[in-house]
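Notes for the one structure printed next.
Whatever order the structure lists ligands and atoms in, that order sets their numbers, starting from 1.
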Amino acid sequence: MRVAVLASGRGSNFEAIARAFREGKINGEVAVLIVDNRKAGAIKRAERLGVNWLFVDPCSFPSREDYDRRVVSILKHLGVELVCLAGYMKVVSGVFVESFRNRILNIHPSLLPAFPGLRPHKKAVRYGVKVSGATVHVVDEGVDTGPIVIQVVVPVSPDETEESLSEKVLKWEHRIYPQAVKWFVDGRVRIEGRKVIVEGADYTRLPVVPALEDF
Ligand code: GRF
């Protein structure tokens, strides 16, 4: 399957996904990395990994919808069937969601529905939660609201900071995101309303539900 990754920053999740394809753990390839920020660290990673990348400048479009129409047309042209948002700071419009219904994934570093939106680690630490984690979900019209594919739970210690929690969770992100992509690519995912079911997966154990199989 041909997959696209959309990123705005550092790009460590993009790299985890691209490496999983390159190592043959997932069938297919990352056809393109699209960035909305010319300074995104993800670009250097793409060059190192030999992945095609494209900067689509938000300033060249009058609206978010126009921007997304351009991105969608690029993705369709490249034969992309699955889109992975990875640290992509733009909220995708209805135009985008409609064009790739149930084929857009996002990773958010909290146990959704807790702490959607910006700076979830800061919110989690401030709130005093004892566990946090990360979620890969299908993207719908809301912000971090779509059906959940996989979650990982990590402990939060009394001296936890936004930075320490972010570091701890990120390590897991690099495993759960490629795993979720693989399940989609392998055609094992069924979506029934808010429920995402991965055929044959193990839903009985922590810290990752459903359990990791390949990562
Ligand atoms: C990750 O924590 C991801 O969950 C969030 O933004 C961060 C992006 O990191 N959406 P990177 O650009 O993938 O390194």
Within 6.0 Å of OH in Tyr127, more than 12 heavy atoms from elsewhere: no

Backbone or side-chain N or O of Ile107 under 3.5 Å from ligand 1 N or O: yes

Residues Lys168, Glu160: salt bridge by 4.0 Å N-O rule: yes

Short N-O contact, Lys90 and Glu65, less than 4.0 angstrom: no

Arg10-ligand 1 polar pair, N/O distance under 3.5 Å: yes

Minimum non-hydrogen distance to atom 5 (C) of ligand 1, winning option of Ser12, Pro109, Gly41: Pro109

Ligand-residue contact atoms, ligand 1 with Gly11, heavy atoms, under 4.0 Å: 11 (P), 12 (O), 13 (O), 14 (O)

Interfacing atoms of ligand 1 (cut-off 4.0 Å, heavy-atom, Gly87): 6 (O), 8 (C), 10 (N)

Per-atom contacts, ligand 1 versus Glu173 - under 4.0 Å to a heavy atom: 1 (C), 2 (O), 3 (C), 4 (O)

Geometric N/O contact His108 with ligand 1, under 3.5 angstrom: no

Charged N-O contact under 4.0 Å between Arg190 and Glu199: yes

N/O separation below 3.5 Å, Phe14 to ligand 1: no

Cation-pi check, Lys122 onto Phe115 ring (under 6.0 Å, within 45° of axis): no

Over 12 non-hydrogen atoms of neighbours within 6.0 angstrom of CZ in Arg70: no

